[in-house]
Amino acid sequence: MNNMKILIYGDYWKFVSGYAREIKDLLPYFKKAGHDVRQVALGYNGFPRDNDIVVYHTKLPDVKDYYAQEVLHFAIDDFKPDIVLTVQDFFMLPKISFTLAHPGKFKWVHWGTLDSDPLDFYSRESLNWMHYCFFQSHFAAIECKIINPGLMGEVVYPSVDPKIFHKIEDKAALKSQYKLNEFNVLICNARGQQRKNVPVLLDAFKEVLREIPNTVLILSSGI
């Protein structure tokens with residue numbers, strides 16, 4: 001593969017968001033392969049060079065709004081990338097699709113979550129302009145290809161940090177540790193946001209208890 005100029009659009013890679021961590025994981029591979037990488041970093045206040053890569057900032061200290069579309073347009077003109085890689089939820093794409101749809105030499109590649117009713121009218125239109133898509137799930141691939149059957153892409157699951165997550169070898173011992181031997185256990189790991197539909201889960205769990213009384217629900221939910 002020839003060395004390429006890759007422009008990444010997404011959360012600033014030194015943040016702690018999920019997308020920022022994904023971008024941070026990608027950077028060493030791109031650099032090792034000899035690619036020239038820059039980023040349009042959402043929420044970044046610096047100007048305009050990071051210690052590792054050139055970063056185009058999208059947020060000013062005294063302004064709460066992002067100027068992402070304008071900064072992306074400037075970055076494309078300035079950097080002249082071969083690939084623009086967007087790492088965002090699908091519902092964010094309409095804000096930048098017009099810029100990425102302009103004829104140019106670069107290819108638009110997307111990687112992100114199918115989330116928050118993404119296939120509304122504007123998000124559907126975005127699928128017609130991207131050249132390639134990395135889907136986080138087979139569900140996302142199916143839903144997107146229903147809208148645009150010709151969309152090129154493949155499923156790539158989110159990465160897992162083995163320092164934090166590991167396979168449970170002895171599930172019985174773990175259940176015993178928490179005194180759950182006699183119970184069927186359901187676990188939900190979801191942020192406490194409306195779109196996660198946790199209240200619906202709780203209503204459904206009432207029905208589970210009627211059918212299978214010795215069942216417990218463990219809800220892991222951040223803000």
Open item on the list: Other residues, nucleotides and ligands only: do more than 12 of their heavy atoms fall within 6.0 Å of NE2 on His73?
Closed with: no
Open item on the list: Around atom NZ of Lys24, are there more than 12 heavy atoms from other residues, nucleotides or ligands closer than 6.0 Å?
Closed with: no
What distance do [X] atom [atom1] and [Y] atom [atom2] have between them, rounded to the nearest 0.5 Å?
X	Y	atom1	atom2	value
Ile147	Ile142	CD1	CD1	13.0 Å
Glu22	Gln88	CD	CD	12.0 Å
Leu127	Ile146	CG	CD1	11.5 Å
Ile187	Ile218	CD1	CD1	4.5 Å
Tyr56	Ile76	OH	CD1	10.0 Å
Ser126	Ile96	OG	CD1	8.0 Å

So, do [X] and [Y] sit near enough that their side-chain heavy atoms are less than 4.5 Å apart?
X	Y	result
Ile53	Gln39	yes
Leu7	Phe106	no
Asn3	Asp36	no
Val71	Tyr9	no
Leu26	Val37	no
Glu154	Tyr132	yes
Leu186	Val216	no

Open item on the list: Just to verify, what does Asp77 make a salt bridge (Lys or Arg N to Asp or Glu O under 4.0 Å) with, not counting sequence neighbours?
Closed with: none
- [ ] Please step through side chain to side chain contact (heavy atoms under 4.5 Å, CB included) for the pair Thr58 and Val40, ending with a clear verdict.
- [x] CA-CA 7 Å; Thr58 59; Val40 175; 3.6 Å; yes
Sub-3.5 Å donor-acceptor pair from the side chain of [X] to the main-chain atoms of [Y], do we have one?
X	Y	answer
Lys80	Ala75	no
Asp89	Phe91	no
Asp170	Ala173	yes
Ser97	Leu93	yes
Asp11	Leu42	no

Open item on the list: Check this for me: does any side-chain nitrogen of one of Asp78 and Arg38 sit under 4.0 Å from a carboxylate oxygen of the other?
Closed with: yes
Are [X] and [Y] linked, directly or through other ILVMFWY residues, by side chains that come within less than 4.5 angstrom of each other?
X	Y	value
Phe139	Tyr157	yes
Leu100	Phe74	yes
Val156	Ile8	yes
Phe165	Ile168	no
Val109	Met152	yes

TODO: For the pair Gln136 and Trp111, evaluate side chain to side chain contact (heavy atoms under 4.5 Å, CB included) and give the outcome as yes or no after the intermediate values.
DONE: CA-CA 8 Å; Gln136 284 194 339; Trp111 188 92; 2.9 Å; yes
Task: Trace of the side-chain hydrogen bond (donor to acceptor under 3.5 Å, both in side chains) decision for Tyr19 with Thr113 - done: CA-CA 10 Å; Tyr19 283 133; Thr113 303; 3.0 Å; yes
- [ ] Measure from NZ or CZ of Lys5 to the centre of the six-membered ring of Phe79 and say whether it is under 6.0 Å with the direction within 45° of the ring axis.
- [x] yes
- [ ] Report the C-alpha distance between His35 and Tyr29 in whole Å, list the side-chain angles of each, state the deciding distance to 0.1 Å, and finish with yes or no for ring pair (Phe, Tyr, Trp, His ring centres under 6.0 Å).
- [x] CA-CA 9 Å; His35 302 311; Tyr29 292 98; over 10 Å; no
- [ ] Taking all non-hydrogen atoms of both residues into account, name the closest pair between Leu151 and Cys133 and its distance.
- [x] CD2-CB, 4.2 Å
Open item on the list: Show the nearest heavy-atom pair for residues Ala41 and Val55, with the distance to one decimal.
Closed with: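 Distance-wise, the nearest heavy atoms are CB-CG1, 3.5 Å.
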Open item on the list: Whether the Thr86 and Trp108 side chains hold a donor-acceptor pair (N or O, under 3.5 Å, no angle test) is what I'd like checked.
Closed with: yes
Task: side chain to side chain contact (heavy atoms under 4.5 Å, CB included) evaluation trace for Gln69 with Leu72 - done: CA-CA 5 Å; Gln69 184 170 331; Leu72 176 61; 5.7 Å; no
Task: Worked verdict on Val87 versus Leu85 for side chain to side chain contact (heavy atoms under 4.5 Å, CB included) - done: CA-CA 6 Å; Val87 186; Leu85 172 62; 3.9 Å; yes
Task: side chain to side chain contact (heavy atoms under 4.5 Å, CB included), paired with His110, selected from Phe134, Phe90, Trp129, Phe135 - done: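 Answer after filtering Phe134, Phe90, Trp129, Phe135: Phe90.
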